[in-house]
2 protein chains.
Amino acid sequence: MDTPKSKNITIKNIKKGINVKTIAELANVSPVTVSRILRGKNKRITKTTEKIKSIAQQLGYKKNLIARSLKTGKSWSIGVLISEINSSFFPEIIDGIESVLYKKGYGMILANTHENPEIEAQGLHNFVSRQVNGIIISPIIDNINEQYFWELKQREIPLVVIDRKYPFVQCDFVGVEDKLGAKNGVNYLIKSGHIKIGMLTGPLNSYTGKERLEGYKEALMENGIEFKKRYIVEGSYVNLINIGIEKGKELIQKSPDITAIFCGTDETAIGVIKYLKKIGKKIPEDISILGFGDLPIATMVEPQLTTIKQPLYEIGKQAALLLCEKIEETNKNEKQTILLKTELIIRESTKKIINSSIK
Amino acid sequence: MDTPKSKNITIKNIKKGINVKTIAELANVSPVTVSRILRGKNKRITKTTEKIKSIAQQLGYKKNLIARSLKTGKSWSIGVLISEINSSFFPEIIDGIESVLYKKGYGMILANTHENPEIEAQGLHNFVSRQVNGIIISPIIDNINEQYFWELKQREIPLVVIDRKYPFVQCDFVGVEDKLGAKNGVNYLIKSGHIKIGMLTGPLNSYTGKERLEGYKEALMENGIEFKKRYIVEGSYVNLINIGIEKGKELIQKSPDITAIFCGTDETAIGVIKYLKKIGKKIPEDISILGFGDLPIATMVEPQLTTIKQPLYEIGKQAALLLCEKIEETNKNEKQTILLKTELIIRESTKKIINSSIK
DNA sequence: TTGTATGCGTTATCAT
DNA sequence: ATGATAACGCATACAA
């Protein structure tokens, strides 16, 4: 290895201030040459090539991505804005997102809105300030930050929306077939002999809440079953277990005749089961329970939950892939909607009934 | 509002290229003045102050944090490196971290090692490249990236380790009183009359796995109960439910006489319960089960889990606060270790026994 | 292949 | 309070 000729490089520089200039001085070449060689822009390997690589290695040189970003206009970072990291829903999506971004070399800046519109606005603002090359967002339910989407468009920052489709703006979207999934699930209940089927919906000001209710309605309609409002109770997406307990109670008291309940999420389903057990009902013997999501807990509880599986990891992966295509401009399509398939997972919380009045 | 005098600002500039220079030209001042005013460095409010703020507002100017970082040497970003985002453990910690960082104005760059040492090394490398001002890390179990810690020290990048203490390097650490928590839990079992207490440990090459086993041993010792190797089975930190089922079986077959099992995590506890139920055992009547963690699932399963609560959100919060102190140099202390208190949460999976041979 | 000149957007410094 | 100059670290364009 070369012993670099003594120059006026201070200890301090060696410890934390190693840059192309430092290396250039030590190697007696210009900074540009160092930059080129370290980026592999020179094809032939010469003495200088090796010398410079060796020095960089010894000094622990790491490229300054901030400086590179400023020069090249590409930050290699992606903003991910979700509503609640501390949930059983988003972490798997983030895992999927990160798996793609990591491979492509993008860094992920994560922010959490807690369903607060001001924080959402601030988060998007920060992303712009940080010059992100793209954004993945799961908008808050009461999406009132419409102007921000427009602004991102003006700045030509690609945006992919996940989970909750934004109703008023055309955008790239990745989600699941909420409506069809719900419909298939309820169809299964109907085929199992259930007619009086209750539903504990998600919040009906949310995309997924509405879609899943639609699916429920469609399944009833296609089977000639009348839709009754008293079989419906609206839930929310916070404090899910307790919502399940409360609203499950409300539903049963309003409509004690139901033989099955379709719940908008696995967690509310678990809450409902908790309540039903408490009042002495047996699941699925007395009442069948159908969840939505297939979260890990679905197999931990008893009875194990029959539910509609959402491919969370895949949502994240597809969203990140789509975003990268938009960034790299390899995908010139107009705004597109990717709906991933759901899958009905039949476990223990649902049961066929035979003595149905119609059957 | 001022109508800015017509200058040669193109539409394209207005859309995405608004910077201090653009605003300066429109306001007939120098870029420096714009910069100062937008940063609030001028105390007196003059016509120009308002004029510039108004123009910036109208044009949707957002500061370029990349450029500012390069100039000021402060990136306002923090790297967070964890082993598995898709778990019931880290998301809450991240929530705690983010709550602090958001308030202070730092962005969070998140990366996921999946317990892979190469990805961990790469992740730290990326953080350095991105000029992060600090790092929070939960190291992989077989921590072989020791040189990286040294390198970060050389670069004077503050580092806070969470959850898994790094054994060979002195570092700032935030975790919980694993040993004491485990000891208190096992003490509770002993006070409830249990003597033959099995343990399904975490991986014993991990800090937490070792500490919790230590706590178990100490509790036995202090109560004059002999430690028996055949009461111990080693688990891992992946695929936890199945590990619980498998290793629970192994433990019961090895030592059918045990009346209680202390599990290294809530999830393995749930796995163990699953297995025990399958072979017809009743919980807690036949065997008491004690978990560790108090994850949300602890109250969803049946019986609800008696467990040792780890304050996850608080771990994240304290780690972020400590990191910020180190960055802002308001905390000049040597490397410090913060151990948060655990809490024994008594629920339904444990029971007193009376016909103990000693009692 | 190598080097010179220049600029990315911002701010620190020094002067006015 | 304002402005002129320079610099952060890197990479592009052009010339040699």
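Chain naming here is simple, since letters A, B, ... match the order of the sequence lines and numbering starts at 1 in each.
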For atom CG of B/Leu65 and atom C1' of D/dC8, their distance in whole Å: 14 Å
Bending between helix ends of the helix from C/dT1-D/dA16 to C/dT16-D/dA1 [5 pairs per end, 10° resolution]: 30°
Whole Å only: how far is the NZ atom of B/Lys21 from the P atom of C/dG9? 8 Å
Expected rows: protein N/O vs nucleotides 12-16 of chain C N/O, under 3.5 Å:
| from | atom 1 | to | atom 2 | distance (Å) |
| --- | --- | --- | --- | --- |
| C/dA12 | OP2 | B/Arg39 | NH1 | 3.2 |

Please pick, from D/dG9, C/dT1, C/dG9, the nucleotide with the shortest atom-to-atom distance to any side-chain atom of B/Ala67. C/dG9
Between B/Lys74 and B/Trp76, is NZ or CZ placed under 6.0 angstrom from the six-membered ring centre and within 45° of the ring axis? yes
Quick one, A/Cys324 with A/Leu101, criterion side chain to side chain contact (heavy atoms under 4.5 Å, CB included). Give me CA distance, side-chain angles, the key distance, then yes/no. CA-CA 8 Å; A/Cys324 289; A/Leu101 296 187; 4.2 Å; yes
Evaluate the criterion side chain to side chain contact (heavy atoms under 4.5 Å, CB included) for residue pair A/Val128 and A/Ile157; output intermediate values, then yes/no. CA-CA 8 Å; A/Val128 172; A/Ile157 300 176; 4.1 Å; yes
Find the distance B/Gln131:CD to D/dC8:P and express it as a whole number of Å. 14 Å
So, is B/Thr33 near the phosphate of D/dT2, with a side-chain N or O under 4.0 Å from OP1 or OP2? no
Side-chain heavy atoms of B/Ser83 within contact of B/His114, under 4.5 Å: no
Does any donor atom in the side chain of A/Asp95 or B/Asn112 lie under 3.5 Å from an acceptor atom in the other side chain? yes
Does D/dT2 have OP1 or OP2 under 4.0 Å away from a side-chain N or O of B/Asn42? yes
Round to the nearest Å and state the distance from B/Lys51 atom NZ to D/dA1 atom P. 17 Å
Among side-chain atoms of A/Thr46 and A/Glu50, is any donor-acceptor pair under 3.5 angstrom? no
Take a 6.0 Å sphere around NZ of B/Lys53 and say whether it holds more than 12 heavy atoms from other residues, nucleotides or ligands. no
Would you tell me if any nitrogen or oxygen in the side chain of B/Ser35 comes within less than 4.0 Å of OP1 or OP2 on C/dT10? no
To the nearest angstrom, the CD1-P distance between B/Ile52 and C/dT10 comes to 13 Å
Would you indicate what B/Lys43 reaches in the nucleic acid, counting non-hydrogen atoms under 4.0 angstrom: base, sugar-phosphate, or nothing? sugar-phosphate
What do the steps show when you test B/Asn133 against B/Tyr106 for side chain to side chain contact (heavy atoms under 4.5 Å, CB included), and what is the final call? CA-CA 9 Å; B/Asn133 295 134; B/Tyr106 290 99; 4.1 Å; yes
Note, A/Ile93 side chain near A/Lys317 side chain (heavy atom, < 4.5 Å): no
Return the value, rounded to whole Å, for the distance between atom NZ of B/Lys74 and atom C1' of C/dT11. 16 Å
Is any side-chain heavy atom of B/Leu38 closer than 4.5 Å to one of B/Lys63? no
Taking atom P of C/dG9 as reference, at what distance in whole Å does atom CZ of A/Arg130 sit? 18 Å
Looking at A/Tyr61, I'd like to know whether one of its side-chain N or O atoms comes within less than 4.0 Å of OP1 or OP2 on D/dC10. yes
Quick one: is B/Asn64 getting a side-chain N or O under 4.0 Å of the C/dC8 phosphate, OP1 or OP2? no
Which whole-number value in Å describes the distance from B/Asn19 CG to C/dT10 P? 5 Å
Under 4.0 Å: is that the gap between some side-chain N or O of A/Thr48 and OP1 or OP2 of C/dT2? yes
